[in-house]
Protein chains: 2
Amino acid sequence: MNRTTETKGITQCSIFDFNLSWYELLTKEEKMLIDEHSVSINFKKGETVCKRGAFASHIYFLEEGLVKVYLEERNKNLILTLFTKNNLLGLSSLFEGNNKLPYSVSTYTDSKVRMIDIQIFRQLLQQNPEFSYRIINLLNEKTSQIYGRFFSLTQKQLHGRLADILLCLSNRIFKSKSFELPLSRADLGDLTGMSTESVIRMMKEFKDDGLIDMHCKSVELLDVARLERISEFG
Amino acid sequence: MNRTTETKGITQCSIFDFNLSWYELLTKEEKMLIDEHSVSINFKKGETVCKRGAFASHIYFLEEGLVKVYLEERNKNLILTLFTKNNLLGLSSLFEGNNKLPYSVSTYTDSKVRMIDIQIFRQLLQQNPEFSYRIINLLNEKTSQIYGRFFSLTQKQLHGRLADILLCLSNRIFKSKSFELPLSRADLGDLTGMSTESVIRMMKEFKDDGLIDMHCKSVELLDVARLERISEFG
DNA sequence: AAAAATAACTGCTTCAAGTCAGTTTTTTCC
DNA sequence: GGAAAAAACTGACTTGAAGCAGTTATTTTT
């Protein structure tokens, strides 16, 4: 008997990348309102889009690029999630009681961000239930993915965490088994919660074991099945 | 110059316990709808309220007790958050695309849970924007607290993590500097992501250092300021 | 009230993973 | 295109924290 309905593992992939169309749920007037109260800004690679603790004045829509959402405190750095283009960022700061951004955002690659006035966004939430319902769903999906990352980083050791992130980059971010990393080894370290040196050692180990091929920034997954097993068993 | 407006640390307290009144935002008819489509169930200490992967048929309102929300997979156990009475549980499963519960819930103490039909809840979300907006805020606040826990568990070492959880239990759960723990040392281990033995050793160390007093299940925080410093510096 | 079971505690050992101090390779930029 | 800077990499060392194997203390059970 095939148990095909079984629940998938917690951390099959832990990074946010999907795109429910929220914009289409707005009326013509509401769309105009957003258009009038937003501007599109270009960011260069490595630039900071916003910092935790600043007043949240906008909701961000990533039109182009790759960014990280992270928490930092005295040189500790925790990446919560990555975002690719066509995703809404900063929804968490909608919370009325706390007008401060709950995380920082910075770019891995050149990016284009549409900044939408947060008051307008709030207004639309209050007046359009379907839109509001969709936003709840976006938040939920995101939260659930972050839980997966939380599990991965706290319950697995290096092998599993690195396998997780490689699968994730392949499946969600680059949608290909081979890709050019826009991230440094230190970035990968932040992403997997391990030291730069450990990333290097572990990547080499994976390469020696024939799991991946790798030369500097270019990576190719060779044995996805085995990587998934490593991810699963931690 | 006093920088009193500075943002508070990420993990000042990492467990969910607050209570925005969502019920009052419903109309008389809507309240009746909820009353008609919900039942209250008693759970004994240690019982499972629901399991990750099961179909999400209800939203839970904790009327009495203390429960943990957690992820488990092959004897790995990650506690996402604790809930005390008067809080809504299971909001994450509102996400329409995935009718499965994203986490498990079980009780630490005897508890009373009102189970609300999820379809009714969804209907109210769609028809009542203010209610919907309040629920978004609840979700956001919760998410933000879980980020704090995420940071604590991944970026701090044992001292900091234990200090975090002790402060949290004191501030949010028991609202007193001395309290009777309904959790075992093993539970504390799950909560802080450390082994039972390490919890014991660390607690003893805190006791020897005069940070806390402790005898079996009863704990008293003696030097909150120093605990906060330990929490902050990890 | 004694026996059984569970939880709390202790000391010793082991190991995963970080740190440090370099060398080599790749990228950047005048 | 060559010098300078930044990443990538390597090996040796250190350490935080888990695991193990046992003892003592608390509950629970009968």
Side-chain angles (χ1 to χ4, degrees), chain A residues 44-47 74-78 108-110 152-166 180-209 212-220 230-231 233-234, chain B residues 44-47 74-78 108-110 152-166 180-209 212-220 230-231 233-234:
Chain A
K44 286 205 282 284
K45 168 185 171 171
E47 281 190 313
R74 51 187 95 263
N75 77 31
K76 299 282 182 187
N77 200 325
L78 168 66
Y108 280 129
T109 64
D110 293 355
S152 173
L153 293 201
T154 55
Q155 307 292 315
K156 297 182 183 181
Q157 45 196 58
L158 301 194
H159 305 78
R161 304 215 296 267
L162 186 61
D164 275 346
I165 212 65
L166 289 172
E180 289 292 310
L181 269 184
L183 321 184
S184 69
R185 298 294 191 264
D187 290 330
L188 283 179
D190 280 341
L191 215 43
T192 50
M194 58 208 257
S195 70
T196 310
E197 293 93 327
S198 292
V199 173
I200 291 163
R201 274 186 272 266
M202 213 81 254
M203 296 268 287
K204 184 159 182 288
E205 208 175 292
F206 278 16
K207 188 181 178 181
D208 292 346
D209 289 354
I212 63 172
D213 197 9
M214 171 193 81
H215 183 71
C216 271
K217 299 287 189 186
S218 78
V219 176
E220 181 178 4
I230 290 171
S231 154
F233 289 92
Chain B
K44 285 205 283 283
K45 168 185 172 172
E47 281 190 312
R74 54 188 93 261
N75 77 31
K76 299 282 184 187
N77 200 325
L78 168 66
Y108 280 129
T109 64
D110 293 355
S152 174
L153 292 201
T154 55
Q155 307 292 315
K156 296 181 182 181
Q157 44 196 58
L158 301 195
H159 305 77
R161 304 217 293 267
L162 186 62
D164 274 346
I165 213 65
L166 289 173
E180 288 293 309
L181 269 184
L183 321 184
S184 69
R185 299 293 190 264
D187 290 329
L188 283 180
D190 280 341
L191 214 44
T192 50
M194 58 208 257
S195 69
T196 309
E197 292 93 328
S198 293
V199 172
I200 291 164
R201 274 186 274 265
M202 214 81 255
M203 295 268 287
K204 183 159 182 287
E205 208 174 291
F206 278 16
K207 187 180 179 182
D208 291 345
D209 290 355
I212 62 172
D213 197 9
M214 170 192 81
H215 182 70
C216 271
K217 299 287 189 186
S218 78
V219 176
E220 181 178 4
I230 290 171
S231 155
F233 290 91

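Just so it is clear: chains get the letters A, B, ... in the order the sequence lines come, proteins before strands, and each one is counted from 1.
- Between B:Leu166 atom CG and B:Met203 atom CE the span is 6.0 Å, to the nearest 0.5 Å.
- Of the possible donor and acceptor atoms, none in the side chain of B:Ser198 sits under 3.5 Å from a partner among the backbone N and O of B:Met194.
- Using a 4.0 Å cutoff to heavy atoms of chain B, the contacted part of DNA chain C runs 5' to 3' from C:dA8 to C:dC12.
- Rounded to the nearest 0.5 angstrom, B:Met214 CE and B:Lys204 NZ are separated by 8.5 Å.
- Regarding A:Glu197, its CD atom lies at a distance of 16 Å from the P atom of D:dT15, rounded to whole Å.
- A:Met203 has its CE atom 7 Å from the P atom of D:dC9, to the nearest Å.
- Looking at heavy atoms from C-beta onward, B:Ile212 lies out of side-chain contact with B:Glu220 at the 4.5 angstrom threshold.
- In this structure, the helix from C:dA1-D:dT30 to C:dC30-D:dG1 shows an angle of 50° between the axis at its start and the axis at its end, each fitted on 5 base pairs and rounded to 10°.
- As rounded to whole Å, 18 Å separates atom P of D:dT15 from atom CZ of B:Arg201.
- One atom, OH of A:Tyr108, and another, P of D:dA7, lie 13 Å apart when rounded to the nearest Å.
- Across the protein-nucleic acid pair, B:Leu158 atom CG and D:dG19 atom P stand 12 Å apart, rounded to whole Å.
- At the heavy-atom level, A:His215 lies under 4.0 Å from the strands shown only through sugar-phosphate atoms.
- D:dT26 atom C1' lies 12 Å from atom CZ of B:Arg185, rounded to whole Å.
- Contact between B:Gly193 and B:Arg161 at its shortest, heavy atoms only, is O-NH2, 2.9 Å.
- When every heavy atom of A:Phe206 is checked against every heavy atom of A:His159, the shortest pair comes out as CZ-O, 3.6 Å.
- For the pair B:Ile200 CD1 and D:dA21 C1', the computed distance is 14 Å after rounding to whole Å.
- Computed from coordinates, the A:Gln157 CD to D:dG16 P distance equals 19 Å when rounded to whole Å.
- Look at B:Lys217 and you won't find any side-chain N or O under 4.0 angstrom from OP1 or OP2 of D:dT27.
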